[in-house]
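Working notes, structure below.
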Amino acid sequence: MKVLLFGIAKDIIGASEYEVPAQPKHPSTVKELKDVLVVLFPEFNKLSSLAIAVNSEYADENVFLKSNDEIAIIPPVSGG
Amino acid sequence: MKYIEIVDDIDTAEVYKDLSHPSSGGICVFVGAVRDFTNNASVVSLEFETYKAMALKEMTKIADEAIEKWQLNKVVIRHAVGVKQVEDPVVIVGASSAHRDACFEACRYLIDTLKERVPIWKKEFFSNKSVWVSAHP
């Protein structure tokens with residue numbers, strides 16, 4: 001599962017895309033994906049917020065992830 | 001009618017043509033620009049990046065919400081990306097409506113909601129460091 005990275009998320013992981021490890025299991029929901037990310041990269045815990053977008057829409061934690069979804073990590077936004 | 005764009009550079013002179021409308025007696029515009037100081041530290045430049053597909057979708061939703069709520073004739077939401085220097089315009093939002101109350105209120109809604117929801121990120125460059133704005137509490 002590939003995720004797109006922006007802003008500080010790109011700096012934390014050190015790339016603009018990240019392949020989430022398939023082991024021990026693929027995260028099946030937004031909540032599971034966030035749990036995996038904060039374990040692998042504890043810096044995410046220090047952010048003011050951490051959202052996930054699925055197919056370029058903000059996704060609730062209970063949304064299921066499918067293999068062809070476009071998934072992005074949305075750290076705190078700061079436009080304007 | 002609405003103009004929703006992510007651009008490299010904003011031309012503030014375009015906006016009157018975008019918003020003028022025969023039924024609009026009021027046009028209100030907000031321009032956000034690069035300020036020279038943040039928390040007493042001198043800002044060298046700002047850099048903006050975006051998740052463009054999602055940003056355009058969120059900007060379109062915000063424009064549609066405002067059009068419906070305030071019966072606007074026209075709306076502009078335009079944000080710049082890339083490196084910007086002090087005094088450069090980085091965002092321009094505007095609304096046109098029959099009377100001024102609606103476009104004043106709508107304009108405030110457009111910029112406030114953009115700052116809350118639209119996936120755009122700003123990095124501030126100081127002489128000795130750089131910081132992603134609002135990333136940490």
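Lettering of chains follows the sequences in order, A, B, ..., and the numbering in each one begins at 1. The figures here come from the full heavy-atom set of this structure, side chains too, leaving out hydrogens, waters and symmetry mates.
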Is it the backbone or the side chain of B/Glu58 that comes under 4.5 Å from a heavy atom of chain A, or both, or neither?
side chain
Close contacts, residues 59-91 of chain B versus chain A, judged by heavy atoms under 4.5 Å:
B/Lys61, B/His79, B/Val90, B/Val91
What part of A/Asn55 gets closer than 4.5 Å to chain B, counting heavy atoms only: side chain, backbone, both or neither?
backbone
At what distance, to the nearest 0.5 angstrom, does SG of B/Cys107 lie from CZ of B/Phe30?
8.0 Å
SB check B/Lys17 B/Glu14 (cutoff 4.0 Å):
no
Just wondering, are more than 12 heavy atoms of other shown residues or ligands nearer than 6.0 Å to CZ in A/Phe64?
no
Residue part contacting chain A, namely of B/Trp132, when any heavy atom lies under 4.5 Å:
side chain
Inspect the surroundings of CZ in B/Phe104 and state if more than 12 heavy atoms from other residues, nucleotides or ligands are less than 6.0 Å away.
no
For A/Glu17 and A/Leu5, indicate whether the former's side chain and the latter's backbone hold a donor-acceptor pair under 3.5 Å.
no
Quick one: what part of A/Leu4 sits under 4.5 Å from any heavy atom of chain B, side chain, backbone, both or neither?
side chain
What part of B/Tyr51 is in contact with chain A, defined as an atom under 4.5 angstrom from a non-hydrogen atom: side chain, backbone, both or neither?
both
Check whether A/Ser48 reaches the backbone of B/Ser134 with its side chain - one donor and one acceptor, N or O, closer than 3.5 Å.
yes
Evaluate salt bridge (charged side-chain N to carboxylate O under 4.0 Å, His left out) for B/Glu105 paired with B/Arg108, printing each intermediate quantity in order.
CA-CA 5 Å; B/Glu105 285 177 26; B/Arg108 171 118 215 166; over 6 Å; no
Below 4.5 Å from any heavy atom of chain A, which atoms of B/Lys115 appear? Answer side chain, backbone, both or neither.
both
Cation over ring face, B/Lys129 and B/Phe126, 6.0 Å, 45°
yes
From the list B/Arg117, B/Lys123, B/Glu116, B/Glu49, the residue making the most non-hydrogen contacts under 4.5 Å with chain A is B/Glu49
One should read off an interatomic distance between A/Phe44 CZ and A/Leu37 CG, to the nearest 0.5 angstrom, of 5.5 Å
Derivation and outcome, salt bridge (charged side-chain N to carboxylate O under 4.0 Å, His left out), residues A/Lys34 and A/Glu61
CA-CA 9 Å; A/Lys34 285 168 85 166; A/Glu61 294 211 322; 3.2 Å; yes
Has B/His99 got a side-chain atom pairing as donor or acceptor with B/Asp101's backbone, closer than 3.5 angstrom?
no
For chain B, find which of A/Ala72, A/Ser49, A/Gly80 contributes the most heavy-atom pairs closer than 4.5 angstrom.
A/Gly80
With a strict 4.5 Å heavy-atom criterion, list every residue of residues 32-45 of chain B that contacts chain A, or say none.
none
Separation of A/Asp60 CG from A/Lys31 NZ (nearest 0.5 Å):
13.5 Å
How many angstroms lie between NZ in A/Lys46 and CZ in A/Phe41, if you round to the nearest 0.5 Å?
14.0 Å
